[in-house]
Structures are given as C-alpha cells and as structure tokens.
Amino acid sequence: MQIALNELAALRVQGRPAGIVSVCSAHPIVLRAALRHGRDHASTVLIEATCNQVNHLGGYTGMTPADFAAIVLRIAKEEGCPENLIMLGGDHLGPNPWRERAAEEAMAEAERMVAAYVDAGFRKIHLDASMGCMGEPAALDDETTAHRAARLAAVAEISARRAGGAMPVYVIGTEVPPPGGVDHALTTIEPTAASAARRTIDVHRHVFTEAGLAEAFTRAIGLVVQPGVEFGNHNVVRYDRSRIDALKQVLGDEPQFVFEAHSTDYQGTDPLTALVEDGFPILKVGPELTFVLREALYGLDLIASDLVPDYGERPLYAAMEALMLAHRENWSRHYHGTENEQRWLRHYSLSDRIRYYWASKEAQSAVARLCDALAGKSVPFPLFWQHMPAAQQFCDIPLDPEEVLIWRVTKSLADYHAACGAGR
C-alpha cells in the first residue's frame, strides 16, 4: 500500500509499525523490478541514489540527478507505474566525493549537488556532512557536522521553494562502518549508543534553529544509526534486537523520528521484520539486488554455454573478468589475499563491487549477446535444475532472459516487502 515517509513515526507510536523499502541502485533491471512491484501492489516505490553514484558532475555512473530521475520515470512509464507512487531520495549528500579537497571547496560542490538533486525532484534528502575533508579528522564532531548539514539544508529549502511542489523531508546522521559494506570478515558490530543518537538529534535541532531552519527541522523524519547489522566481503552480521533496548528508548523521547537502517542487505525476512518493528522502518538495500542479478546472469551464462553450440564457455564471466582486470580502481583497495582469492572476490564478494562495471560498453555487449543467445529458446528442465534450480518455472517454454533477471531481483525484494508489512 502507499505510505508517506512522514507517516512512519506516527504509525510506530500507534503500535502499527510499517516500513518502506529504499532501493539504492541505478541498474535498469533493479529499477524495473521495484517499479513493477509498485504498480502491481499500488505501493510506494522509494528509489535512492548516492552522492558518489549520481551527482551534478556525473558520479561514477555518469548520471546527474536529472538523468537518474529521467531513467526512473521512463521505466515507470514503460511499466505503467503511476508517478504519484514514486519517491526519489538522495543518500549521503555531503562533501564525501570531494573530501580530498579543502573543506570550503568540498562543501561548495556539495551545495551544488544538493541543489541539483532537489531541482530534479528528489524530496528525501539524507544530509551527511560527517566526513572530514583535507587536513581534518576522518570523522567530524557533532557540532561541525550539524553546521555543515544545516548549510546544505538551506540550499535544499531554497531549491525546493523555487521548484515548487512538496518540500523535502530530511534524514540526519550517518552510520559506522561506511556504506556499502566493509572489506574484512566480521564477527560483531556495535550498535549506536543511545547517548550518541540523542546528542546527534539535540545538536542538529539547536544548530538548525540558530540558522533559521527550525521549520525545516520539523521535516527531519529519520536518524541513521547502526543497529548492529553489516555485511563484508565474506559474511553477514544479522540483527540481534536484544542489543538495542537502550537505543529504542530514544524514539520514545523523540516521536518525530524513526531510525533508518543502512546495509540491511542479505538479512532475510525475519531480521528485517524485527528491524521494522523496532523502529527501523526505512530499510535500505543495494548490493544484494545487484548481487542476485549477477547470480542470475551467471546462471544464464552457464545455461547458454551448455545449450547453444556457438555461444562459447562462459563468455559473460570471461568478459567481466577481463574488464575488471583492465580497470582495477573499483575493487583493488577492497579485495585482498592471493590472486585466486581476489579473483573469486571480484565476482562473488557480498560487497558486489562488480556492480560498478555493468554500465560499461563491454559488459552491456556481453549481456546483450547472452540474452540474444537464449531469447526464445526452450531451456530443458535439467539445465535449470543444474544452474538455476529455483527458476524452473521458466523451463520448456520460449525464454525471455530479462524476465528471469527481473524475477530474481523481485525474489530478493520480496523479503523486504514482507518485512515492511509487519504489524499491518
């Protein structure tokens, strides 16, 4: 069902917790799966882009916020998903992409980025100015962070008034470790201390009020904290609700807020449901969705290798390996170990840094060749049983490879949608 972000806190207070899935991906197949679900269930589709992925200079996808919004709306039109169901969000909007520069220079770029996001129709804005810039500590104190967040909020307010329509809603705070997973095996993650969460809210409220942004702060609906969930290259730390009793009490004193949970990938339905019930109704997912998309692509690559005489031996896998070896910048600082360990991490790490490569011409060409090789083919049951056993409904009929990919992404999204209906 359709739900507004500013309803989440009230639903929690009323004892009727409900959640929203935040899809953090720019991949067209992932976007199509999310928008198709919104169409079929008349439910809110929250799609977010991050500061590194999409910004006024293009980001690593080469897309500006306006470009990203246009792609989402184009796919929505193709899928028949009404625009009124779609909300666009900007994640970690702050100086992070330019943190190697002096603070003033980095913040000036961040201001231009925030304006571009709001101008393009993004109305969920995560203000994250917590990272240090050149010559500063890696993590800044609450006061500095709040002053920089208020500076960015002022830009968002001006842009929104100029553009017209709804005013932004804000999420404040950040989580540790950084977004996107960590690079080493994990055993446990310490949840945010209740005192730290309270201080983040108090300091931001005070600074926003002093800056003449008290009304804007009434639209701050979420606080990013660490609930004790994370994933690394090798494993997942799952949610343990017994560890956040003190943290949950913060929401009792701050009925305006809910918590936003980052890095919820790979948790599964039960932990996700517990997160929604415990005050984390905004569930962000990204790498899991492109991980399972890659899983499906590689499964089809194996099927085509066995089924189509002239297709070759896993050419999609080979093309992606060659591409990642030729362009190491997106994984080399994150994958460690022997050459063999780095090889399998390139393809199968839970952090899924292969997602940075799917938009390249080489990858798109290899995927197109795979889809062309299988399009309309009748894949025998044993081949699906061998390579994609959960996808047997696609056997022995003319195959549409894109439908298999959408099905696999939707299967992962189903865990999130089930959790978001908790208590309703």
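Checked by atom type, the side-chain pair Y416/T264 shows a donor-acceptor distance below 3.5 Å. With no hydrogens or angles considered, a side-chain donor-acceptor pair links D278 and Y239 at under 3.5 Å. Side-chain contact check for S349 and N233: at least one donor-acceptor pair (N or O, by modelled atom type) lies under 3.5 Å. Residues D142 and T145 bring no donor and acceptor atom of their side chains to less than 3.5 Å of each other. Side-chain contact of T338 with N340: a donor-acceptor pair under 3.5 Å is absent, judged by distance alone.
By the 6.0 Å contact criterion, CD on Q364 is enclosed, its count of non-hydrogen atoms from other residues, nucleotides or ligands being greater than 12. Counting heavy-atom neighbours within 6.0 Å of W344 CH2, excluding the residue itself, gives a total above 12. Atom NE2 of H206 has 12 or fewer neighbouring heavy atoms from other residues, nucleotides or ligands inside a 6.0 Å radius.
Within the model, atoms CG of L213 and NE2 of H204 stand 11.5 Å from one another, a figure rounded to the nearest 0.5 Å. Atom SG in C24 sits 10.5 Å away from atom CG in L283 (nearest 0.5 Å). With rounding to the nearest 0.5 Å, the separation of OG in S263 from NZ in K284 is 10.0 Å.
In this structure, H262 has its ring center closer than 6.0 angstrom to the ring center of H126. Between H37 and W407, the ring center distance fails the sub-6.0 Å criterion.
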*Could you check T273 against D270 for side-chain hydrogen bond (donor to acceptor under 3.5 Å, both in side chains), going step by step and ending with a plain yes or no?*
CA-CA 5 Å; T273 300; D270 289 345; 5.3 Å; no
*asked:* Walk me through whether T144 and D141 qualify under side-chain hydrogen bond (donor to acceptor under 3.5 Å, both in side chains).
replied: CA-CA 6 Å; T144 304; D141 60 81; 3.0 Å; yes
*Stepwise side-chain contact (heavy atoms from CB on, under 4.5 Å) check, L350 with E288*: CA-CA 7 Å; L350 296 177; E288 177 182 345; over 6 Å; no
*Step-by-step side-chain hydrogen bond (donor to acceptor under 3.5 Å, both in side chains) determination, S130 to D128*: CA-CA 6 Å; S130 62; D128 183 6; 2.7 Å; yes
_Walk me through whether I244 and F280 qualify under side-chain contact (heavy atoms from CB on, under 4.5 Å)._
CA-CA 11 Å; I244 69 152; F280 294 86; 3.6 Å; yes
_side-chain contact (heavy atoms from CB on, under 4.5 Å) evaluation trace for V23 with V45_ = CA-CA 8 Å; V23 174; V45 185; 5.8 Å; no
*So E48 and S22, side-chain hydrogen bond (donor to acceptor under 3.5 Å, both in side chains) or not? Walk me through it.*
CA-CA 7 Å; E48 301 206 47; S22 172; 2.7 Å; yes
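What you find for S25 and L31 is that their closest heavy atoms are O-CD2, 3.3 Å.
No side-chain heavy atom of R219 sits less than 4.5 Å from a side-chain heavy atom of N6. Looking only at side-chain heavy atoms (C-beta outward), I221 and V171 come within less than 4.5 Å of each other. Counting heavy atoms from C-beta on, the side chains of L88 and R123 never come closer than 4.5 Å. Taking 4.5 Å as the limit, every side-chain heavy atom of F384 sits out of range of all side-chain heavy atoms of P389. The closest side-chain heavy-atom distance from Q53 to T61 is below 4.5 Å. With contacts defined as side-chain heavy-atom distances shorter than 4.5 Å, the pair H27/L293 qualifies. When side chains are defined from C-beta on, S43 does not count as touching L85, because their heavy atoms never get closer than 4.5 Å. R112 places none of its side-chain heavy atoms less than 4.5 Å from the side chain of V114.
Only one option out of Y357, F291, Y317, W331 pairs with H347 in a ring pair (Phe, Tyr, Trp, His ring centres under 6.0 Å); it is Y317. Evaluated for a ring pair (Phe, Tyr, Trp, His ring centres under 6.0 Å) with H56, the options F68, W98, Y117 yield exactly one hit, W98.
Electrostatic pairing of E7 and R12 does not count as a salt bridge here, judged by no charged N lying under 4.0 Å from a carboxylate O.
A donor-acceptor distance shorter than 3.5 angstrom exists from the side chain of D301 to the backbone of L316, with no hydrogens or angles considered. Counting only distance, with no hydrogens or angles, the side chain of R355 and the backbone of D352 share a donor-acceptor pair below 3.5 Å.
In this pair, W358 and Y298 present their aromatic rings perpendicular. The plane angle is above 60°, beyond the 30 to 60° band.
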